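Presented below is the structure to which this report refers.
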Amino acid sequence: MKKLLWTFGLLLLLTACGQRKEAVEGNLILTNYAAQAISHITVEYDGGSASSEEAISDTQLASFTLPEEENLTYTVSFQTEEGETVSESFTDSFAEETVVYLRVDRAEGFWQLEYDQPS
């Protein structure tokens, strides 16, 4: 009986984990895959900027709305828990309904900011 309850509980937990959906708005989506939090996320582009001071970690998202332009160059930066600032520049086309996905991760002690695959 204990085995059956244990199996049922594990199945329920796995099912609940797969159902996590976050509503996102914007055409630039940044996901932090690292367990360590990042904050003070800023996106600067010609003619403006967008920012969020909220900390995100462990697959949480931050979304921003950039102008619908072709070949828009922008720089994304964020601050780590250790106080380090990480930044990277990108050039993308934000045509109507185009969404660009970026990912933050930490591997072998180094922060990485690169393109991500949409889920």
Side-chain angles (χ1 to χ4, degrees):
M1 182 69 169
K2 279 187 177 181
K3 254 187 175 178
L4 181 60
L5 287 175
W6 172 253
T7 304
F8 179 72
L10 183 60
L11 181 61
L12 186 61
L13 179 65
L14 289 173
T15 302
C17 290
Q19 299 298 318
R20 180 179 170 197
K21 297 276 185 200
E22 292 183 44
V24 292
E25 294 181 13
N27 55 7
L28 179 65
I29 310 299
L30 176 75
T31 306
N32 182 5
Y33 289 96
Q36 298 91 346
I38 63 170
S39 61
H40 297 86
I41 304 165
T42 303
V43 181
E44 296 177 333
Y45 53 91
D46 186 32
S49 68
S51 64
S52 171
E53 292 187 16
E54 187 176 331
I56 62 169
S57 65
D58 197 20
T59 68
Q60 291 180 316
L61 308 174
S63 61
F64 304 92
T65 301
L66 276 58
E68 293 181 2
E69 291 183 20
E70 296 289 325
N71 300 317
L72 179 67
T73 299
Y74 58 97
T75 301
V76 177
S77 63
F78 61 86
Q79 189 172 13
T80 68
E81 290 178 333
E82 298 84 24
E84 176 184 1
T85 299
V86 177
S87 70
E88 188 70 43
S89 293
F90 301 90
T91 300
D92 289 298
S93 293
F94 290 93
E96 187 175 327
E97 297 188 31
T98 298
V99 178
V100 174
Y101 295 88
L102 300 178
R103 67 178 289 130
V104 172
D105 209 346
R106 186 173 170 105
E108 299 178 15
F110 296 99
W111 286 97
Q112 300 169 340
L113 177 56
E114 58 194 10
Y115 287 103
D116 195 5
Q117 299 299 318
S119 52

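The model shown is predicted, which means the values in this text are computed figures rather than measured ones. All values below come from the heavy atoms of this structure, side chains included, with hydrogens, waters and symmetry mates left out.
- Residues satisfying the side-chain hydrogen bond (donor to acceptor under 3.5 Å, both in side chains) criterion with Glu97, sequence neighbours excluded, are absent altogether.
- For Glu53, the CD atom sits in a loose shell: 12 or fewer heavy atoms of surrounding residues, nucleotides or ligands are nearer than 6.0 Å.
- Every side-chain hydrogen bond (donor to acceptor under 3.5 Å, both in side chains) that Thr80 has, sequence neighbours left out, goes to Glu82.
- In this structure the side chain of Asn32 never reaches within 4.5 angstrom of the side chain of Phe78, judged on heavy atoms.
- In the hydrophobic clustering of this structure, Ile38 groups with Phe90; members are Ile, Leu, Val, Met, Phe, Trp, Tyr whose side-chain heavy atoms approach within less than 4.5 Å, directly or through other members.
- Residues Leu28 and Leu102 meet the side-chain proximity criterion, which asks for heavy atoms closer than 4.5 Å.
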Which pairs would a plain distance check flag for residues 70-77, meaning a side-chain donor or acceptor within less than 3.5 Å of a matching protein atom at least two apart in sequence or in another chain?
| residue | atom | partner | partner atom | Å |
| --- | --- | --- | --- | --- |
| Glu70 | OE1 | Ser93 | OG | 3.1 |
| Thr73 | OG1 | Thr91 | OG1 | 2.9 |
| Tyr74 | OH | Asp92 | OD2 | 2.5 |
| Thr75 | OG1 | Ser89 | OG | 2.8 |

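- When every heavy atom of Val99 is checked against every heavy atom of Gly26, the shortest pair comes out as CG2-O, 4.1 Å.
- Between Thr31 atom OG1 and Asp105 atom CG the span is 10.5 Å, to the nearest 0.5 Å.
- Minimum heavy-atom separation, Ala35 to Ser57: O-CB, 3.6 Å.
- Looking at Ile56 and Ile41, their side chains come closer than 4.5 Å, going by heavy atoms from C-beta outward.
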Report task. Test side-chain contact (heavy atoms from CB on, under 4.5 Å) on Asp116 and Tyr33 and set out the steps. Result -> CA-CA 10 Å; Asp116 195 5; Tyr33 289 96; 2.6 Å; yes

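- Across all their heavy atoms, Trp111 and Ala34 have their closest contact at CZ3-CB, 3.7 Å.
- More than 12 heavy atoms of other residues, nucleotides or ligands shown are found within 6.0 angstrom of CD on Gln36.
- Side-chain atoms of Leu113 and Leu30, non-hydrogen and from C-beta on, do get closer than 4.5 Å to each other.
- Listed for the Asn27 side chain is no donor-acceptor partner under 3.5 Å among the backbone atoms of Thr98.
- The two atoms that bring Ala107 and Gln112 nearest to each other are CB-NE2, 3.9 Å, heavy atoms only.
- The minimum heavy-atom distance between Glu44 and Thr42, with the atom names listed, is CG-CG2, 3.7 Å.
- Under a hydrophobic clustering in which Ile, Leu, Val, Met, Phe, Trp and Tyr are joined whenever their side-chain heavy atoms come within less than 4.5 Å, directly or via other members, Val104 and Leu61 fall into different clusters.
- By the 6.0 Å contact criterion, CZ on Phe110 is open, its count of non-hydrogen atoms from other residues, nucleotides or ligands being 12 or less.
- Nearest heavy-atom pair across Phe64 and Ala50 is CD2-CB, 3.8 Å.
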